[in-house]
Amino acid sequence: MANVNKVELNLSRKIVNPFKTTRKSTTNPFKFNDFEGNTLDVAICADVFEGTKGVNKLKMISSSVIGSVTKIRKSITEPIVNFANRVKDVITGAWDYAKNTNVEIAGLKNISESIHNAGKGISESISGIRQSIYDSMPPLLHKDIADIGRDILASCSSLISIHNHEKISSAMPVESLEALWKKEISLMAEQETKKIALSSDKSMKAQVA
Amino acid sequence: MNKNIAEIIDALGAHEDISSIGVLEELGTNSPDNEIREYTSRALVRKNIHDSLKVVIINQGKGINDLSPSVAMSTINEILSLKDKSEVIKILDDTINMHSDETVKENARSVKSLLALS
């Protein structure tokens, strides 16, 4: 009972308000901020760099800014990751939905047609440029280009042959082997024709010279 | 000779399908290239079956009857190197006895003599 009375006594004691101000009739507006000696432990508005006159102030400010940024980054990293994951999930879900759903958009056909037409236009322009270049070149150069084209074709054919060569085995059906053989024969015939044409060209040039 | 063609001939020579003999005869033994004809004839001999051996023994201008001596000799060498010669001897005998062309008969007789000596 004595203890209870003690507690009651303590509770009934008037708690001192540290922010209590006393208004007096004065013309000084700053007088209202008089806390009667009950100042806060941390002086919020105080110049923290006041006592460090010998140190570069700018350097200290920058280091404090960097520290703050690091702190902020640490605090926001996790939510950003979560947010990014959520966005990714949403996009993936939307993509899956779009993939598995037949969507018909009225304007899409027109867009595809426009793209097709644009592509056609570009192709025609390129063809026109190529044709103009081709027309501006002397006929002898035409022949050289044709020869280069033929060489490229022959190289491609040989590459295809090499590719096919890897597949040739008795496991293949007879029809396929026959077709491959016939293809090889036709390639050889083409090469022979080319050789004959080249030799005849050379002999013609020699005669002209 | 073209490496691809050699591979094709080898594949057809090792093929179990009888129709491979027809392809070898049509494209190989009728080729204008001596090397291809030679390689094909040897592949046909290595098959060592009635239909393939018939092509190189009884046909004029093919196998042992080829106009190119190198092709004919290569075919004969391949025949001589066969382990089982029973089918070859049978066809040679039939050719010697029944073939209408005398040159083919003569060639078959020569090969049979070589087989007897080997």
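Lettering follows sequence order; numbering is per chain, from 1.
- Residues B:N2 and A:E184 bring a donor and an acceptor atom of their side chains to less than 3.5 Å of each other.
- In this structure, the side chains of A:S199 and A:K202 stay at 4.5 Å or more apart for every pair of heavy atoms.
- Side-chain contact check for B:I79 versus B:K85: every heavy-atom pair is 4.5 Å or farther apart.
- How far OG of B:S52 is from CG of B:L12: 12.5 Å, rounded to the nearest 0.5 Å.
- Counting heavy atoms from C-beta on, the side chains of B:E38 and B:S70 come closer than 4.5 Å.
- For a heavy-atom cut-off of 4.5 Å, chain A lies close to no residue in residues 88-114 of chain B.
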Item to check | Trace of the salt bridge (Lys or Arg N to Asp or Glu O under 4.0 Å) decision for B:K3 with B:E7 | outcome: CA-CA 6 Å; B:K3 202 180 170 184; B:E7 293 261 341; 5.6 Å; no

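- Crowding of B:I49 atom CD1: a count of heavy atoms from other residues, nucleotides or ligands under 6.0 Å exceeding 12.
- Contact of the B:S41 side chain with the B:D66 side chain is not registered, since no non-hydrogen atoms from C-beta on lie closer than 4.5 Å.
- For residues 13-34 of chain B, a heavy-atom distance under 4.5 Å to chain A picks out B:A14, B:H15, B:D17, B:S19, B:S20, B:V23, B:L24, B:E26, B:L27, B:G28, given by residue number.
- With rounding to the nearest 0.5 Å, the separation of CD1 in B:I36 from CH2 in A:W181 is 7.0 Å.
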